[in-house]
Peer 1: 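Here you go, one structure.
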Amino acid sequence: MALPRHLWAIVTGVLWYIFSFRYVTGDDGIVKCDELRLGQFICVDPEINPATQEPVNCSNYTADAPCFPAPNITCKVYGGNVTTFTGKEIGFYRPFPCRNVNGYSYKVAVALSLFLGWLGADRFYLGYPALGMLKFCTVGFCGIGSLLDFILISMQIVGPSDGSSYIIDYYGARLVHLSINNETYRKIPSNP
């Protein structure tokens, strides 16, 4: 005899709760501090370097920012010690993404491309002397190359030749390039 629909929903919900709680908390029932749920902690914005407009101590494209668990939250810190927090102690550090910059300003590159792109000044500034000289000798490929470079630099497709990123205001308009690789999740459409 099958269970009625409402009993089946209750049994499924109870089993899901037991297994998910055990998975999140581990064997002893105490959550790790870096696995706290949203609202149980607050992370401070990383300190921004005014010269590079990137977080201070940026290495390997990440910078760590301190996170403070809410008062009366008990969790395990990195050493495995169980701690009850008052809201003023650092519980863990959350990694924030950052970029490698070497002094090339986005605003300067766009301005050079707009006003002196026909002379190749934008390509000289970004570290492409051969293309800059070619644009200079052909007067920006008769204007077509200048327009094309202005669009490519404005869309941040063409960047500095050393592979670094532009210096852009931290809270300014940045473009994030999306790519598809083997790690990308792809939803397969279902047939109706």
Side-chain angles (χ1 to χ4, degrees), residues 1-107 155-156 159-160 162-190:
M1 183 168 130
L3 285 173
R5 178 176 248 155
H6 67 281
L7 287 178
W8 179 252
I10 292 171
V11 169
T12 308
V14 168
L15 288 175
W16 178 84
Y17 178 76
I18 290 170
F19 286 117
S20 65
F21 182 73
R22 186 134 177 103
Y23 173 73
V24 170
T25 59
D27 292 335
D28 56 359
I30 309 237
V31 180
K32 293 180 184 175
C33 287
D34 56 352
E35 294 176 355
L36 289 174
R37 294 182 180 165
L38 193 61
Q40 293 181 326
F41 65 91
I42 187 166
C43 294
V44 179
D45 286 338
E47 182 183 351
I48 304 301
N49 183 342
T52 63
Q53 290 295 308
E54 290 298 321
V56 176
N57 299 328
C58 175
S59 63
N60 296 327
Y61 299 101
T62 57
D64 293 329
C67 296
F68 301 90
N72 299 322
I73 293 288
T74 302
C75 60
K76 286 184 188 177
V77 292
Y78 287 116
N81 298 331
V82 177
T83 307
T84 300
F85 291 90
T86 63
K88 299 183 194 274
E89 303 97 353
I90 296 174
F92 62 97
Y93 289 90
R94 173 157 286 183
F96 280 89
C98 60
R99 300 170 312 130
N100 175 29
V101 294
N102 282 339
Y104 294 98
S105 172
Y106 174 70
K107 293 175 184 176
M155 293 180 63
Q156 302 173 21
D162 62 359
S164 65
S165 298
Y166 290 113
I167 295 176
I168 300 175
D169 294 336
Y170 185 73
Y171 295 106
R174 296 182 185 195
L175 292 179
V176 177
H177 297 282
L178 301 177
S179 63
I180 298 174
N181 58 23
N182 290 337
E183 303 295 321
T184 306
Y185 175 75
R186 183 173 179 190
K187 185 176 180 181
I188 299 172
S190 60

Peer 1: Kindly give the heavy-atom pair with the smallest separation between P95 and D64, and that separation in Å.
Peer 2: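 Looking at all heavy atoms of both residues, the closest pair is CA-OD1, 3.6 Å.
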Peer 1: So which heavy atom on C43 is nearest to which on R94, and how close?
Peer 2: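 Distance-wise, the nearest heavy atoms are SG-CB, 4.1 Å.
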Peer 1: Which distance, rounded to the nearest 0.5 Å, do you find between the NZ of K76 and the CZ of F92?
Peer 2: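 It is 16.0 Å, given to the nearest 0.5 Å.
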Peer 1: How about T86 and P71: do any of their side-chain heavy atoms sit closer than 4.5 Å?
Peer 2: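 The answer is no, as the side chains (C-beta and beyond) never meet within the 4.5 Å cut-off.
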Peer 1: Compare every heavy atom of F41 with every heavy atom of L36, then report the nearest pair and how far apart it is.
Peer 2: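 Looks like O-CE2, 3.4 Å.
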Peer 1: For the CG atom on N57, are there more than 12 heavy atoms of other groups (residues, nucleotides or ligands in this structure) within a distance under 6.0 Å?
Peer 2: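 Check fails, neighbour count at 12 or below.
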Peer 1: What distance separates I30 CD1 from T84 OG1, expressed to the nearest 0.5 Å?
Peer 2: 8.0 Å
Peer 1: Below 4.5 Å, heavy atoms only, C-beta onward: do Y78 and D34 meet side chain to side chain?
Peer 2: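 Sidechains of D34 and Y78: in contact.
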Peer 1: Nearest 0.5 Å, please: how far is CD1 in I73 from SG in C33?
Peer 2: 9.5 Å
Peer 1: Surrounding OH of Y93 (heavy atoms of other residues, nucleotides or ligands, distance under 6.0 Å), is the total greater than 12?
Peer 2: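 No, not enclosed.
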Peer 1: Does a side-chain heavy-atom distance below 4.5 Å link P160 with Y166?
Peer 2: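 A side-chain contact under 4.5 Å exists here.
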Peer 1: Quick one: pull up CD1 in I48 and CG in D169 and give me the separation to the nearest 0.5 Å.
Peer 2: 11.0 Å
Peer 1: Would you mind reporting whether V101 and Y106 have side-chain heavy atoms less than 4.5 Å apart?
Peer 2: no
Peer 1: Could you check if a side-chain atom of N100 sits within less than 4.5 angstrom of a side-chain atom of S164, using non-hydrogen atoms only?
Peer 2: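 A side-chain contact exists here, since the closest heavy-atom pair is under 4.5 Å.
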Peer 1: Can you find a pair of side-chain heavy atoms, one from N49 and one from E54, that are under 4.5 Å apart?
Peer 2: no
Peer 1: Measuring from atom CG of N72 to atom CZ of F85, what distance do you get when rounded to the nearest 0.5 angstrom?
Peer 2: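 If I round to the nearest 0.5 Å, the distance is 12.0 Å.
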Peer 1: Nearest 0.5 Å, please: how far is CD in Q40 from SG in C75?
Peer 2: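 CD of Q40 is found 8.5 Å from SG of C75.
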Peer 1: Could you tell me which non-hydrogen atom of T62 sits nearest to which non-hydrogen atom of C98, and how far apart they are?
Peer 2: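 The pair with the smallest heavy-atom distance is N-SG, 3.4 Å.
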